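First the structure, in the form of structure tokens, and then the observations on it.
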Amino acid sequence: MEHSLSSRQIQLWRIAIYFIFGLPGFALATWVSRTPAIRDSLGATTAEMGWIIFGLAVGSIIGLLSASHLIASRGGRFVMMAGLVVSSAGLGIVALSGVWLTGGIVVFLGLAVFGFGNGICDVAMNVEGTAVERAAQKSLLTGFHAAFSVGNLVGAVAGSAAIGAGLSVFVHLLLAAVVVVLCAVYFYRFVPAGTGQERAAESGEPPMTARERMAVWKEPRTILIGIVVLGMAFAEGSANDWLPLVIVDGYHVSPATGSFAFGLFVAAMTICRAAGGMLLDRFGRVAVLRASALSAIAGLLIVIWGQSFTAAAIGVVLWGFGSAFGFPVGLSAAGDDPRGVAARVSAVSTAGYLAFLVGPPILGVIGDSVGLLRALIVVLIGVVVAGLLCHAARPIGAQTEDTNIKA
């Protein structure tokens with residue numbers, strides 16, 4: 001399909017996907033920015049709030065596991081837009097819970113709906129991203145993930161502004177939901193139909209059956225890429241959840257300094273992702289992933305055994321650089337074969353999200369026994385394993401990295 005598009009259509013498609021990647025980041029930051037107010041309105045304890053937020057994880061996993069079948073039957077564009085509308089509806093349910101005063105169960109259900117929409121949209125937009133890469137013959141997926149981070153930042157800033165202006169949770173979340181839906185409707189027209197949809201190939205090869213789509217979980221290449229993404233996503237997720245506390249407890253600095261260290265991590269990762277396409281086109285996936293793993297290993301070693309906050313800050317930057325590429329490059333590699341692309345991207349996405357959702361709580365349990373700094377040794381081991389398996393991301397059929405599009 002992408003071969004029949006003009007250069008202008010491909011460019012508009014590319015721009016649309018940048019914005020669409022930003023929308024889930026914006027919506028997620030909107031929810032996060034109002035969690036203190038929602039907790040207070042519910043009168044929930046920290047433990048109760050943890051169970052309420054678990055609804056987001058439940059919905060996300062169900063969405064991730066369902067996405068490949070939905071995309072195979074309806075195409076990436078439909079699923080991507082449906083996901084954005086469903087996640088907006090979830091935000092709306094959370095917003096209405098405050099008006100109805102119905103308690104935590106409605107917030108849990110709203111977050112489950114929100115997570116499901118985000119889950120199917122996540123797979124669909126990554127399937128679209130790999131298709132744009134093939135059409136443009138450029139490495140773009142790291143840039144698309146940088147757009148998610150930008151959307152996250154915009155949502156956080158808007159959330160702070162809404163709180164400062166005294167906007168109620170109800171009005172703020174509903175406005176955010178409307179913005180997401182309107183943007184989705186606008187950019188829908190620039191995305192070609194049918195990406196990832198299972199049809200007979202031009203070679204006459206029949207489309208994948210549901211059983212074949214499930215069988216991708218047994219493919220050696222897909223399993224290895226999933227392990228790479230699992231290890232690198234664990235490095236990213238552990239920083240997102242624990243880095244400020246790691247720095248505060250490990251180096252006896254103020255909470256403000258811990259937040260500053262987390263800002264260094266996010267900035268380093270976002271800058272790397274923004275420049276990722278250029279690096280991948282120049283050096284190829286395997287070399288970039290190996291360099292990323294080495295950077296993350298060096299950063300973690302410095303953070304774990306550093307003797308001062310200044311040294312730890314340098315380690316945090318290296319850790320951020322190293323965490324930037326694993327998830328998007330793994331998804332790009334999973335999308336090499338157009339036949340079954342949705343199933344493979346879904347499988348690899350699920351591995352990444354398991355690391356995001358399950359890894360940090362495990363780190364907390366270990367940290368209770370040995371301290372958070374030493375608990376990072378588990379993350380270090382995961383990154384080492386990922387670095388050793390980076391060869392799995394080599395483009396399908398490539399004899400050398402420079403004979404193929406290094407996407």
Side-chain angles (χ1 to χ4, degrees), residues 14-38 53 56 60 83-84 87-88 90-91 94 114-115 117-118 121-122 125-126 129 140-165 167 169 172-173 175-184 186-187 232-233 235-244 247 255-277 313 316-317 319-328 331 352-353 356 360:
R14 176 178 172 179
I15 292 170
I17 298 303
Y18 275 119
F19 278 94
I20 288 167
F21 261 82
L23 292 176
F26 172 79
L28 186 61
T30 299
W31 147 251
V32 171
S33 71
R34 301 314 296 252
T35 50
I38 291 171
I53 294 173
L56 183 61
S60 297
L84 290 171
S87 63
S88 297
L91 267 188
V94 174
F114 179 66
N118 268 357
C121 180
D122 184 272
M125 69 189 188
N126 278 292
L140 300 171
L141 210 55
T142 55
F144 291 144
H145 280 256
F148 176 91
S149 298
V150 171
N152 218 235
L153 178 61
V154 171
V157 171
S160 296
I163 294 168
L167 214 60
V169 171
H172 180 199
L173 266 58
L175 280 176
V178 169
V179 167
V180 171
V181 171
L182 290 178
C183 289
Y186 177 79
F187 288 110
M232 301 307 285
E236 181 182 346
S238 60
N240 287 339
D241 281 23
W242 291 110
L243 184 54
I247 297 299
T257 303
S259 295
F260 172 74
F262 178 63
L264 286 177
F265 177 88
V266 173
M269 192 171 65
T270 303
I271 290 168
C272 252
R273 283 182 171 173
V316 165
V317 171
W319 182 0
F321 286 156
S323 300
F325 293 110
F327 197 31
L331 293 175
Y353 272 87
F356 287 136

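Small disclaimer: the values here were computed from a predicted structure and weren't measured.
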If every non-hydrogen atom of [X] is compared with every non-hydrogen atom of [Y], which pair is closest and at what distance?
{"X": "Ser149", "Y": "Arg273", "result": "OG-NH1, 4.2 Å"}
{"X": "Val317", "Y": "Ala268", "result": "O-CB, 3.7 Å"}
{"X": "Ala261", "Y": "Ile247", "result": "CB-CG1, 3.8 Å"}
{"X": "Val180", "Y": "Ala27", "result": "CG2-CB, 4.3 Å"}
{"X": "Ala235", "Y": "Ser323", "result": "CB-OG, 3.8 Å"}
{"X": "Ala239", "Y": "Trp319", "result": "CB-CZ2, 3.8 Å"}

Kindly compute the distance separating [atom1] ([X]) from [atom2] ([Y]), expressed to the nearest 0.5 Å.
{"X": "Cys121", "Y": "Leu23", "atom1": "SG", "atom2": "CG", "result": "8.0 Å"}
{"X": "Leu153", "Y": "Thr270", "atom1": "CG", "atom2": "OG1", "result": "8.0 Å"}
{"X": "Leu264", "Y": "Phe260", "atom1": "CG", "atom2": "CZ", "result": "4.0 Å"}
{"X": "Leu56", "Y": "Asn118", "atom1": "CG", "atom2": "CG", "result": "7.0 Å"}
{"X": "Leu28", "Y": "Leu91", "atom1": "CG", "atom2": "CG", "result": "9.0 Å"}
{"X": "Leu141", "Y": "Met125", "atom1": "CG", "atom2": "CE", "result": "9.0 Å"}

_Main-chain N/O of Asp122 paired with Asn126 side-chain donor or acceptor, under 3.5 Å_ =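 Confirmed, Asn126 side chain pairs with Asp122 backbone.
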*So Phe114 and Val94, side-chain contact (heavy atoms from CB on, under 4.5 Å) or not? Walk me through it.*
CA-CA 9 Å; Phe114 179 66; Val94 174; 5.8 Å; no
*Assess whether side-chain contact (heavy atoms from CB on, under 4.5 Å) is satisfied between Tyr186 and Leu182, documenting all intermediate values.*
CA-CA 6 Å; Tyr186 177 79; Leu182 290 178; over 6 Å; no
*Quick one: list whatever passes side chain to side chain contact (heavy atoms under 4.5 Å, CB included) with Val169, sequence neighbours left out.*
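Listed in chain order: Arg34, Ala37, Ile38, Leu173.
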_Once you measure the plane-to-plane angle for Phe187 and Phe19, does it fall in the parallel (<30°), tilted (30-60°) or perpendicular (>60°) bin?_
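Plane angle under 30°, so parallel.
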*Take the angle between the ring planes of Phe21 and Phe144 and call it parallel below 30°, perpendicular above 60°, tilted in between.*
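Parallel: the ring planes of Phe21 and Phe144 meet at under 30°.
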